[in-house]
Amino acid sequence: MTDIQFVYFDLGNILVSFDPRIAARNLGRLLGIDEAKAWEVLYASGLEERYEHGELTGAEFTQRLRAFATSEQSSITDQAILDAISDMFTPIESMVRLLQQTRQKIGKIGILSNTCEAHWDWIRRQNWAVSKVQVDVTILSCRVGAMKPAAAIYEVAEIQSGVAAEQILFIDDKPENVLAAVNRGWNAHCCLGGEPAFDVLSRELKLP
């Protein structure tokens, strides 16, 4: 069996938990519309996914959302909107030690996530230990123009890792994303952050 030389971590539900209902509630309050309408324009319409896919810039994304604001709320700034849809995350702080142990054992770690610049920026601005952990490679769908489980994002991740596919370990909370990685020859596992992630990595990497 080939030794693992690089470990990729998903972001959502691995390093941070999130609740999209909070994002819809925040957006609704900001735009002056009800939560159900905010959910429709943000998620059901596919707008958030287009932003995470890199099809829209932040300015284009907020312009589309601002169109639904009441007249009293029409002058909301781009940053206020981006923060409203991002203020739904909470840290899984037990992952900090696991990230540090993994990096000490393997040497290189990275993040491989379907996310948008607004979410990434908001998380990085928080005073959380998990937000401050240094990683060697960051692969975000919005920058790559492809979302897991599409092959293109894994291809970029392989190149950026600098190691062979079979030397990559990856944990993600979605079975379809894990399956796509396995099909490329990665050692990939489906789990949540915290104790489940520790169980996987301690087993695969022989962590103390």
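- For Trp120, the ring pair (Phe, Tyr, Trp, His ring centres under 6.0 Å) test picks out no residue, with sequence neighbours left out.
- Phe9 places a side-chain heavy atom less than 4.5 Å from the side chain of Ile171.
- Val163 and Ile111 fall into different hydrophobic clusters, where Ile, Leu, Val, Met, Phe, Trp and Tyr side chains are chained together by heavy-atom contacts under 4.5 Å.
- Other residues, nucleotides and ligands place more than 12 heavy atoms under 6.0 Å from the CD atom of Glu55.
- At a threshold of 4.5 Å between non-hydrogen side-chain atoms, the residues Ile33 and Leu27 do not count as touching.
- The CG atom of Leu99 sits 5.5 Å away from the CG atom of Leu15 when rounded to the nearest 0.5 Å.
- The environment of CD in Gln63 is sparse: at most 12 heavy-atom neighbours from other residues, nucleotides or ligands sit within 6.0 Å.
- The aromatic rings of Phe61 and Tyr51 sit parallel to each other, their planes meeting at less than 30°, with 60° as the upper class boundary.
- Here the straight-line distance linking atom CG of Asn187 with atom CD of Glu204 works out to 4.5 Å at 0.5 Å rounding.
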Please tabulate, for the side chains in residues 35-47, all donor-acceptor contacts under 3.5 angstrom to protein atoms that are two or more places apart in sequence or on a different chain.
| unit_1 | atom_1 | unit_2 | atom_2 | d |
| --- | --- | --- | --- | --- |
| Glu35 | OE1 | Arg25 | NE | 3.4 |
| Ser45 | OG | Val41 | O | 2.6 |
| Ser45 | OG | Leu47 | N | 3.2 |

N/O donor to acceptor pairs below 3.5 angstrom from side-chain atoms of residues 141-154, sequence neighbours left out:
| unit_1 | atom_1 | unit_2 | atom_2 | d |
| --- | --- | --- | --- | --- |
| Ser141 | OG | Glu52 | O | 2.6 |
| Ser141 | OG | Thr115 | N | 2.9 |
| Ser141 | OG | Thr115 | O | 3.1 |
| Arg143 | NE | Glu117 | OE2 | 2.7 |
| Arg143 | NH2 | Glu117 | OE1 | 3.2 |
| Lys148 | NZ | Asp10 | OD1 | 2.9 |
| Lys148 | NZ | Leu112 | O | 2.9 |
| Lys148 | NZ | Asp172 | OD2 | 2.7 |
| Tyr154 | OH | Asn177 | O | 2.7 |

query = Between Phe89 and His119, is a ring pair (Phe, Tyr, Trp, His ring centres under 6.0 Å) present by the stated rule, with each step listed?
reply = CA-CA 9 Å; Phe89 295 97; His119 291 168; 5.2 Å; yes
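- Put simply, the side chain of Lys132 does not reach to within 4.5 Å of the side chain of Arg124, judged on heavy atoms.
- Hydrophobic clustering keeps Val7 apart from Trp186 (ILVMFWY residues linked when any side-chain heavy atoms are closer than 4.5 Å, directly or through intermediates).
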inquiry  = If you apply the rule salt bridge (charged side-chain N to carboxylate O under 4.0 Å, His left out), what do you find for Asp83 with Arg125, and how did you get there?
reply    = CA-CA 11 Å; Asp83 284 350; Arg125 282 189 280 124; 2.6 Å; yes
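- Under a cut-off of 6.0 angstrom, the local environment of CD in Glu49 is sparse, with at most 12 non-hydrogen atoms contributed by other residues, nucleotides or ligands.
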